[in-house]
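All of these numbers come straight from a predicted model, not from anything done at the bench.
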Amino acid sequence: MTRVAIYTRTSRAEGGDETSIPVQLADCRERAESEGWDVVAEYVDAGISGWKRKTRPGYEAVYADAAEGRIDAVLVRDYERLLRSDIEGKRWLDLYDAQGFGRFVFADEADINLSRARDRKDWKDRVSAAVYYSDRLSEKVRRSKERARALGEYTGGVSEPYGYRRVDGALQVDPQEAGVIHDVVARIAAGVALNRITVDLNKMGTTTSKGARWRPVTMRRLLLSDHLLGARGYLPILSDEEAAVVKARFAHEKRKVGRPAGRRHPLGGLLRCGECGSNMTGAGAAYRCTSSAGGCGRISIKAFPLERHVLLKALRHWYEGRSGDEVAQDGPSKPDPEALSELRQIEEDLQATRALVGDGSMRPADAAPILKQLAERQEKAAKRVGRSLQTAPEPPVSRLTQMFTRDELRAVGIDRPAGGASAEEFHLRWEDREPEAVAAVRDLVTSQVERITIHRRERRGKSFDPTRVQIAWHESA
């Protein structure tokens, strides 16, 4: 008896159609019963595109059954439910060449047996036709969305992007959510850590557009989205100055997969091993160069005395780089107008160059070096804007000085009110590693410090040796 596996699928557009899958199954079962075949399995992929490069669990299970000899044929209602990709078509042909499996039966179309040359040609023709249909459909959808965006209509899914709401099919700015975005940007300009901002939003009960809690990575992604600037037919929310603030804040960050650096260790991502140059990571009460992360494993240093030492040095560097009026203000500053103007001009040049490539006036090969040079200038200008915006993080720098005694501050030339905290008290304050406190220290340190190199211990003993610590400051800090 012929063993068959039934495969059914609905597209993303049909995902909510509760009748499609049962109808497909009924048609396939009817064909199997009329032929006297043994249905050994039924597989369903609901709401999954057949032509996008996305894993289809049911489809992969059918292929595995065929490859491992558990079935003699694949039964589907029509060809397009099975394939929409020339890559997948070739995959089945390769399976036939390797193992001889090549029988496909359909409820609504003529069957195919790849052992026949005519059917192999028919198979390739059907794959080609399916690919053309998918490409043509994608082109129509893309054009429809472009027209909808030009009219200010929302073209996304069931939920609107944060900051917008849908009214009679048209996308409008949500005043309340847009106000949250403006407030977040203002706090970023004031030097507030993104982690602290998201913590405050969650405490107030503010959620994302999908009703989830805010996370720093989610907020960062939102602020860097081009639709907030009016791209792709959206109504703009951010002003040019607010956009410059966002770019300046995040332009220098090199995002990595995994937990953000410095969440519990404020010097994370800044430390380098003096022996091999690898990054040192915080773990417990120490920073280490670990062999598991590609380092030499020979350098480690206690976290608390190092953080206290670096913070004190960063405070002194911060005060040295500011005038008396700026120190007295100890608060937000405005972006450097010259750097901001340069940043806007570079962005206009980038858009103009890309437009020339888009309309065929300039070859991509000629535009590549120009775009690369403009991107480098853009990064430098964004850093200049960022430096002009970086003031005291919250809590203000004056509060960070309270983590030291007056004698310690005077020893490095800081004549500011002190809290009189001893090294032991400093240690106790860090026991819980509260994210807000760590973020405040990290914001100040990263605004001043480019990197910190930890060298080998030259003398024995348990006391902290500051000569091991080499700090490289930002040129403009």
Side-chain angles (χ1 to χ4, degrees), residues 154 156-166 171-231 234-253 255-266 268-269 330-333 335 386 389-397 399-400 432-447:
Y154 179 57
V158 295
S159 62
E160 301 83 0
Y162 191 84
Y164 299 88
R165 62 185 178 187
R166 184 166 39 190
L171 203 62
Q172 298 181 1
V173 174
D174 186 307
Q176 183 176 355
E177 293 184 355
V180 171
I181 294 174
H182 291 309
D183 181 63
V184 168
V185 175
R187 297 189 71 189
I188 287 175
V192 183
L194 194 57
N195 184 72
R196 180 183 178 87
I197 293 174
T198 55
V199 168
D200 291 343
L201 290 175
N202 292 329
K203 287 181 179 179
M204 293 187 296
T206 303
T207 63
T208 68
S209 58
K210 296 181 179 180
R213 289 173 58 83
W214 284 105
R215 296 186 300 144
V217 65
T218 310
M219 179 57 71
R220 180 183 183 277
R221 188 183 301 120
L222 170 65
L223 296 177
L224 290 175
S225 300
D226 59 358
H227 65 263
L228 294 183
L229 305 178
Y234 285 83
L235 298 173
I237 291 179
L238 296 181
S239 65
D240 290 342
E241 184 169 313
E242 287 175 319
V245 168
V246 171
K247 288 184 178 181
R249 172 63 179 82
F250 299 116
H252 68 283
E253 293 188 2
R255 307 304 296 176
K256 298 181 180 180
V257 177
R259 188 177 185 174
R263 182 63 59 84
R264 290 180 58 83
H265 293 82
D330 203 13
S333 64
L389 287 171
Q390 286 178 349
T391 61
E394 199 172 291
V397 169
R399 294 186 186 177
L400 293 179
D432 294 333
R433 294 276 175 170
E434 294 182 0
E436 294 89 343
V438 174
V441 173
R442 181 172 175 80
D443 275 356
L444 174 66
V445 173
T446 54
S447 72

Of all heavy-atom pairs between [X] and [Y], which one has the smallest distance, and what is that distance?
| X | Y | result |
| --- | --- | --- |
| Arg165 | Val173 | NE-O, 4.2 Å |
| Asn195 | Pro216 | OD1-CG, 3.7 Å |
| Ala189 | Val245 | CB-CG1, 3.9 Å |
| Ser209 | Pro161 | CB-C, 4.2 Å |

Problem - Ser225 side-chain N/O to His227 backbone N/O, donor-acceptor pair under 3.5 Å - result: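 Flag not set: sc Ser225 to bb His227 has no pair under 3.5 Å.
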Handout entry: Asp183 side chain vs Gly179 backbone, donor-acceptor pair below 3.5 Å
Key =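 Such a contact is absent between Asp183 side chain and Gly179 backbone.
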Practice task
Using the test side chain to side chain donor-acceptor pair (under 3.5 Å), find all partners of Thr206 that sit at least two apart in sequence or belong to another chain.
Solution key: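 Thr206: no side chain to side chain donor-acceptor pair (under 3.5 Å) contacts found.
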Practice task
Report the residues that fulfil side chain to side chain donor-acceptor pair (under 3.5 Å) with Glu242, sequence neighbours left out, ordered by chain and then residue number.
Solution key: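 By the side chain to side chain donor-acceptor pair (under 3.5 Å) rule, Glu242 matches His182, Ser239.
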Exercise for the section: Kindly write out the residues that satisfy ring pair (Phe, Tyr, Trp, His ring centres under 6.0 Å) with Tyr162, not counting sequence neighbours, or none if the list is empty. Expected result: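 With neighbours one apart ignored, the set is Trp214.
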Exercise for the section: Could you please spell out the steps behind the side chain to side chain contact (heavy atoms under 4.5 Å, CB included) verdict for Val184 and Leu222? Expected result: CA-CA 11 Å; Val184 168; Leu222 170 65; over 6 Å; no
Nearest 0.5 angstrom please: [X] [atom1] to [Y] [atom2], how far?
| X | Y | atom1 | atom2 | answer |
| --- | --- | --- | --- | --- |
| Leu229 | Lys247 | CG | NZ | 6.5 Å |
| Leu228 | Leu235 | CG | CG | 11.5 Å |
| Thr198 | Arg220 | OG1 | CZ | 13.5 Å |
| Leu238 | Leu224 | CG | CG | 10.0 Å |
| Ile181 | Met219 | CD1 | CE | 7.5 Å |
| Thr218 | Leu201 | OG1 | CG | 11.5 Å |

